[in-house]
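Nothing here was measured: the structure is a model prediction, and the numbers come from that model.
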Amino acid sequence: MGEGKMDKPLTKNIRPDRAFATLADYESTGGYQGLRTAITQLQPKEVQQWVKDAGLRGRGGAGFGTGLKWSMVPMETPQTRYMIANADEMEPGTFKDRMLMEQDPHQLIEGLIIAAYAIQAPIAYIFLRGEYHVARQRLEHALLEARFKGYLGEHILNSDFNVNIILHTGAGRYICGEETAMLNALEGKRATPRAKPPFPLVSGLWGKPTVVNNVETLCNVPHILHYGVTWYQGLGRGADKGSKLFGVSGRVNYPGLWELPLGIPIREIFENYAGGMRDGYKLRGFLPGGASTDFLLPEHLDVIMDYEAVAKAGSRLGTGMLIVLDDRTCPVKMVLNLEQFFAQESCGWCTPCRDGLPWTITLLKDIIAGKGRREDLDTLSGLTRMLGPGNTFCALAPGAMEPLQSALKYFRDDFERYIVDKSVLKESV
Amino acid sequence: MKKPFFTGLSAAEIEEINAEIEHYPDKAAVAIEALKIVQKYRRWISDDSLIALAELLDIAPAQLEAVATFYNLIYRQPVGKTVIHYCNSVTCWMLGSDQVSEHLCRHLKIELGETSADGKYTVLPSVCLGACDHAPVLMVEDQLLLDVNEKTINGIFER
Ligand SMILES: Cc1cc2nc3c(=O)[nH]c(=O)nc-3n(C[C@H](O)[C@H](O)[C@H](O)COP(=O)(O)O)c2cc1C
Ligand code: SF4
Ligand code: FES
């Protein structure tokens with residue numbers, strides 16, 4: 001494949017046979033040209049500015065401006081700075097970073113080297129989820145290739161910039177994906193999040209300024225540098241710039257993952273790419289961006305996948321990975337499954353989250369078992385506020401409340417049927 | 001199961017751990033990697049291994065224990081020759097992960113979390129394995145099995 005497919009920069013090397021792009025493959029489609037531009041033509045501050053102007057926003061869930069984040073790192077001090085790629089992908093329903101790393105590992109490596117150059121970090125870590133064995137092997141191989149060709153290590157492309165990349169693998173715990181918990185994990189401590197401020201940008205790994213970026217975010221960077229800001233901006237259809245990986249899982253005809261412009265209507269992803277619902281199933285709702293986003297309904301299908309637009313509809317773009325709820329799955333049981341995940345993965349540091357999630361589960365289980373009372377629904381609503389934004393050290397608890405609060409709003413009848421009209425108990429999921 | 005006499009970490013283990021230590025400004029940082037290296041050789045982390053490792057990394061055993069017990073993939077109890085993780089997160093749950101785990105356990109005559117009588121298999125739940133477009137999903141040791149059904153499951157035991 002040549003450089004032709006320029007509306008899909010992130011996946012242009014991805015092949016249907018799932019083989020991975022070697023260094024030669026990667027170079028043949030413009031690989032490492034972005035790094036060349038950055039290092040040989042631009043100052044670190046200019047690289048930050050390019051990424052800021054391009055309008056790239058974090059793909060790890062929160063959508064923070066990437067260039068802006070980099071520009072907040074103190075650059076004048078002589079201290080070490082660290083760059084980290086967040087490759088801990090564990091948000092249920094999310095399978096995008098795995099594909100990027102397994103099939104085009106150099107893209108992440110190039111993005112990470114450019115990011116390290118932009119903040120002048122001599123060391124960069126890839127914090128990779130322990131279960132991603134194939135990604136580990138391919139990244140290890142690609143790191144060797146990059147070192148051998150002089151893209152990584154000392155005097156990169158004959159410049160005086162040096163950076164080493166260290167691949168660190170985790171051992172399975174969702175909270176490690178939260179950036180300050182990740183810092184503790186990398187330091188060998190129990191991975192609980194840290195109180196903020198100070199923010200990692202100022203005091204992160206071993207107390208040094210540290211930037212954490214998602215894998216997909218970093219994969220955008222080489223293309224911005226190689227093809228320029230104007231080209232990049234042209235990729236988005238709405239207010240947001242660039243393309244994004246969108247995926248769909250659940251009872252649709254073609255569950256999968258596609259690179260599409262930001263601003264694409266959800267309906268287009270759902271119908272044209274995922275092929276709509278399987279025979280015999282109807283769409284009842286969906287989580288638009290992973291497990292910790294609010295449910296949306298079929299009436300929201302014309303909302304566009306754009307950070308502000310999805311927020312306006314009452315949810316979040318999150319990871320951009322849709323989880324589809326069909327009419328034969330009980331939304332109350334689905335929420336119970338989600339909350340069990342969050343309760344199990346809570347680090348237990350703050351009381352609302354540590355106690356509130358098990359309590360949520362007890363209430364949901366009682367309701368499903370036919371032992372619920374009407375007041376339980378008010379108690380659940382109370383919990384969504386108690387665990388909501390601002391009451392906990394990290395965003396795990398508020399994220400856990402998003403599917404619950406929206407289910408209470410949109411699927412109230414399903415909750416009430418268990419309580420009032422117990423006929424539902426005889427049905428199975 | 002008879003407990004083998006613990007004679008300290010092996011030369012190979014120590015060598016691999018030391019190679020990791022070189023990448024970090026602080027020995028304690030290799031805690032996870034070191035636990036994984038020891039587990040690779042011994043299948044699980046016994047109290048003896050934990051104490052020996054803590055000594056090598058210059059940290060208190062309690063600190064290493066706090067790290068070890070935090071992770072789903074570090075086993076503090078003996079496991080079978082092959083560990084089967086089944087995903088029980090949302091998409092897999094919708095598409096039948098309960099049936100998958102029941103089938104596994106029934107076949108092996110165990111409860112979830114247990115090891116089969118012949119010591120060959122342990123079945124554990126896992127969170128989303130990042131392959132939700134192919135739910136339900138299993139991870140057999142390092143290998144992902146996609147779009148799992150009864151036939152795929154039986155295939156595991158015929159290997
Ligand atoms: C509980 C929790 C888990 C998270 N897991 C991930 C993750 O697996 N991958 C990721 O990139 N970001 C994850 N995040 C978001 C990170 O904290 C951080 O915002 C992100 O890595 C920043 O990168 P970005 O700006 O490029 O998106 C998680 C956040 C929370 C609260
Ligand atoms: S919100 Fe939950 S996961 Fe986050 S710090 Fe508090 S207890 Fe830990
Ligand atoms: S929910 Fe099972 S692989 Fe994602």
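Atom CD of B/Q77 has 12 or fewer heavy atoms from other residues, nucleotides or ligands within 6.0 Å.
For a residue to count as touching a neighbouring chain, one of its non-hydrogen atoms must lie under 4.5 Å from one of that chain's; by this rule A/A191 touches chain B with backbone and side chain alike. Proximity to chain B (any heavy atom under 4.5 Å) is shown, for A/L336, by neither the backbone nor the side chain. B/V30 does not touch chain A: none of its heavy atoms, backbone or side chain, sits under 4.5 Å away. Residue contact with chain B, scored on non-hydrogen atoms closer than 4.5 Å, is absent for A/V252. Only the side chain of A/Q344 comes within contact range of chain B, judged by heavy atoms closer than 4.5 Å. No part of A/Y174 comes within reach of chain B, as not one of its non-hydrogen atoms sits under 4.5 angstrom from that chain. For chain B, no part of A/L287 is nearby; none of its heavy atoms comes within less than 4.5 Å. For A/Y125, the part lying under 4.5 angstrom from a heavy atom of chain B is the side chain only. Within the 4.5 angstrom heavy-atom criterion, only backbone atoms of A/T94 (N, CA, C, O) approach chain B. Interface residue A/R98: only side-chain heavy atoms are found under 4.5 Å from chain B.
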Next item on the list: Apply side-chain contact (heavy atoms from CB on, under 4.5 Å) to the pair B/W93 and A/T329, showing each step before the final yes or no.
Entry: CA-CA 10 Å; B/W93 167 79; A/T329 297; 3.7 Å; yes

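The candidate with the highest count of non-hydrogen atom pairs below 4.5 Å against chain A, out of B/M139, B/E20, B/K27, is B/M139.
For A/R190 against B/V67, the heavy-atom pair with the smallest separation is N-CG2, 3.9 Å.
Relative to the ring axis of B/F70, A/R173 places its NZ or CZ within 45° and under 6.0 Å from the centre.
Side-chain N/O atoms of B/S126 and A/E131 include no donor and acceptor closer than 3.5 Å. For the residue pair B/Y24 and A/H168, a side-chain donor N or O sits within less than 3.5 Å of a side-chain acceptor on the partner.
Here CD of B/E22 is found 10.5 Å from CD1 of A/I166. Values are rounded to the nearest 0.5 Å.
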